[in-house]
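Please read the structure below before turning to the comments.
Throughout, numbering of the chain's residues begins at 1 and tracks the sequence.
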Amino acid sequence: MSSFPQFEASGIAPEPGEPRQRLSLRQWMQTESACSARELVVLCVLTALLLFWGLVPFHVGRSVISRPDIGLVGADEPRYAQIAEEMLRQHADVCHALHTKVLPRSLAPAALQASLLCAEAGTVTPILYGHPWLEKPALYYWRTMSFYKEFGQSDWVARLPSATGAYALVFLTFLHMRRFRPGGHLDPALITASAAAIIAFARGASTDMQLAAPFCIAMLGWYAWYETGKKFWLFDLYFFGGLATLAKGPVAIALSLSIIVLFVGLRREWQVLRRMVWLPGIVLFLVLVLPWYIAVQLRNPSFFRLFLFEQNLQRFATDRYQHHQNPFFYLVVLLVALMPWTVLALRALWDSVSNAVAEWRVRRQPMRYLGHSRAGDAFPEFLVLWAFFPVLFFSFSGSKLPGYILPSIPPITILTGDYLARIRRTGLSTAMLCLHGAATGLLTFVLVLCPQYMVYQRLVPPVHVLLTALCLGLVTGAGVIVVTRRFGLPWIRPVTLLPVMVLLFFLLHTNGWLLDANFSARPLAQQIAEEAPGVHTLVTQHIRRDTEYGLSFYRRAPLRHYVPQPSATEQQAVITGVPQEEHLVVLRAEDYATLPTLLPGRQYTRLLVDDWQGLAVYRVAAAVPAPTGDK
């Protein structure tokens, strides 16, 4: 039998002069080092598939392994991608004009000054269509600019900051749990990576994951310091807290301090607040955060008013941006965001809340509970407070968007993985296993029906499609139950991840073109480029904002409207009026009757119709100059 190069059979070193025992490959695979290597490979590969497959183009020879079939969707994705592109363009123009780079060519004063001007160019003020855009801090734009420089300016590149941030979050969650909760560290990381909210927001060109990932890493770092007392871990709190503040502003500080104060207050350990004040960490935080905030305020005196009061305080206190939802909105979002682990997550959350309440009662009345056997572990209590606070906080907000509670997802998935590790010997009850299987089957049923809904635009699909989806959902749910019951609780992770992978392939590879056609402006922009390659000016008239921003990004052109349209944000960034040159106009197909009023005396012909989104594109001839009389 072939043997693996010298590995010790146990943790005991051989006596001096005694030959080392050689292990076979099968024996080595059962050692602790082999298990750790295997877990690391499983983590890296599965997380990469969950977060990057279908997002990043990847080829092996002529075989296409992964391709980005879905263009930018919604209003935020193309807008943020456009801002990063304009900032990079300004940065490149200034550096080219100065004949320098960010790193100086020499230490001469002139070279240093030129490099400083190059570094500042396009990195301070976010720009949209040539105008300052001060709604969000600059972290997402900086990261996207760096990816643009590395991989080129494309829609999938604009999503890399979120995907890489989520990957870092999952990987550091694994390392944290391996350090402080060994034995059950792989489950929390993979449950986090496969939760619906993490997969969805990791594939979005938005600032939500830019806040959630560093915020969660900072909170894990703080608890590591709380448990060990080693100042080293406070580096995570201050460094990643600074990144989170550069992602979305003071909300990161407010959330983290509130959770920490609640935790130490309930445990009556107020001295913790004094001990966590670490001068090197404070300096690090200020060095990270203050330079940009000061620079952008100096260049844009209206920044603090627009960003702090309008984009933070008014967004929280009012419905100015038309994102009003009922107070229970986030409970529904939470149930969907945790799929397919929702049932287990709720059970783990309930178990942790019960333990935390019992711990609190013991601390309140220790004599009454004298002799009560408890583990005294504060980690579940900390995770519970961390999970609940953002949900409760934003439930009182006048504006509600699903991404606001993304920081609440990792603590719940960590609790879920930790719960599965703790009950590994006893196993899940039959009822809980059946409910988890039903949740996985329900997710399969709904996602299998999604393409049919996009095709037929009906809530009730054809009977044969409904039956097919129902059968697939039942088979998936039954498979989860049978395999877990037959082979044990450790199999619940792989048997749940398998349908998630298959559904990702089904949605992104098999039906990615449907999602693209229904929700992205990319197919329409490509059609326009093919049908009218020489016409560069495009006007949109009363179509959805996400389509407007998408067309603007893909055509590399500013927004244009025939007449001013009410908006809370982009009044100065939109060009209004009827262009005199030849141009294209995009409007809803049923609004074609308004063209004679909008374009009196102009000739126009229909260029194409987008049936998927109900839009029509018309080619408008250049205006005929008015005749001049004889002098």
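Side-chain atoms of Met501 and Leu46, non-hydrogen and from C-beta on, do get closer than 4.5 Å to each other. The side-chain heavy atoms of Asp69 and Asp516, taken from C-beta on, include no pair separated by under 4.5 Å. Under the 4.5 Å side-chain criterion, counting only non-hydrogen atoms from C-beta, Trp386 is not in contact with Tyr223. For the pair Ile260/Met219, a side-chain contact is recorded, criterion being any heavy-atom separation below 4.5 Å from C-beta on. Residues Ile294 and Gln297 form no side-chain contact, since every pair of their non-hydrogen atoms from C-beta on lies 4.5 Å or further apart. In this structure the side chain of Val42 reaches within 4.5 angstrom of the side chain of Leu190, judged on heavy atoms. By the 4.5 Å heavy-atom criterion applied to side chains, Leu175 and Leu172 are counted as neighbours. No side-chain heavy atom of Leu584 sits less than 4.5 Å from a side-chain heavy atom of Thr537.
Ion pair Arg89/Glu85 flagged as a salt bridge, since at least one NZ, NE, NH1 or NH2 atom sits closer than 4.0 Å to an Asp/Glu carboxylate oxygen.
Put simply, CG on Leu503 and CG on Leu447 are 5.0 Å apart, with the number rounded to the nearest 0.5 Å. Atom-to-atom distance recorded for Ile198:CD1 and Thr192:OG1 is 6.5 Å, nearest 0.5 angstrom. To the nearest 0.5 Å, atom CG of residue Leu72 and atom CG of residue Asp155 are 5.0 Å apart.
Judged by distance alone, the side chain of Tyr330 and the main-chain N or O of Leu401 form a donor-acceptor pair under 3.5 Å. In this structure a side-chain-to-backbone donor-acceptor pair under 3.5 Å is missing from Thr47 to Cys44. In this structure, the side chain of His583 does not engage the main chain of Val539 through any donor-acceptor pair within 3.5 Å. Judged by distance alone, with hydrogens and angles left aside, the side-chain atoms of Glu39 form no donor-acceptor pair with the main-chain N or O of Leu186 at under 3.5 Å. Between the side chain of Thr413 and the backbone N or O of Pro410 there is at least one donor-acceptor pair closer than 3.5 Å.
Not a single ring pair (Phe, Tyr, Trp, His ring centres under 6.0 Å) links His536 to another residue, sequence neighbours left out. His176 meets the side chain to side chain donor-acceptor pair (under 3.5 Å) test with no other residue; sequence neighbours excluded. With sequence neighbours left out, Tyr167 forms a ring pair (Phe, Tyr, Trp, His ring centres under 6.0 Å) with Phe52. Partners of Phe303 under the ring pair (Phe, Tyr, Trp, His ring centres under 6.0 Å) rule, at least two apart in sequence or in another chain, are Trp292, Phe307. Not a single side chain to side chain donor-acceptor pair (under 3.5 Å) links Arg560 to another residue, sequence neighbours left out.
Taking the six-membered ring where the residue is Trp, His509 and Trp53 present tilted rings, their angle falling between 30° and 60°.
Using modelled atom types, one finds a donor on one side chain and an acceptor on the other under 3.5 Å when comparing Ser162 with Gln210. Side-chain contact check for Trp341 and Ser194: at least one donor-acceptor pair (N or O, by modelled atom type) lies under 3.5 Å. Side-chain N/O atoms of Arg159 and Ser206 include no donor and acceptor closer than 3.5 Å. Using modelled atom types, one finds no donor on one side chain facing an acceptor on the other under 3.5 Å when comparing Glu530 with Gln526. In the model, Asn300 has a side-chain atom that pairs as donor or acceptor with a side-chain atom of Thr125 under 3.5 Å. Residues Gln82 and Ser552 bring no donor and acceptor atom of their side chains to less than 3.5 Å of each other.
Atom CD of Gln113 sits in a sparse spot, with 12 or fewer heavy atoms from other residues, nucleotides or ligands closer than 6.0 Å. Residue-environment remark: NZ (Lys149) stays at or below the threshold of 12 foreign heavy atoms within 6.0 Å. Residue Leu298 qualifies as enclosed at atom CG: its count of foreign heavy atoms under 6.0 Å is above 12.
Under the 6.0 Å cut-off for aromatic ring centres, Tyr80 and Trp133 do not qualify, their centroids lying 6.0 Å or more apart.
For the residue pair Lys101 and Ser115, the shortest heavy atom distance occurs at O-OG, 3.1 Å.
In this structure, Arg556 forms a cation-pi arrangement with Phe553, its terminal cationic atom sitting closer than 6.0 Å to the ring centre and no more than 45° off the ring axis.
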Please list every donor-acceptor pair under 3.5 Å in which a side-chain atom of residues 234-256 meets a protein atom from a residue at least two apart or in another chain.
from   : atom 1 : to     : atom 2 : distance (Å)
Tyr238 : OH     : Met276 : O      : 2.6
Tyr238 : OH     : Trp278 : N      : 3.4
Thr245 : OG1    : Gly241 : O      : 2.8
Lys248 : NZ     : Asp208 : OD1    : 2.8
Ser256 : OG     : Ala252 : O      : 2.9
Ser256 : OG     : Ile253 : O      : 3.1

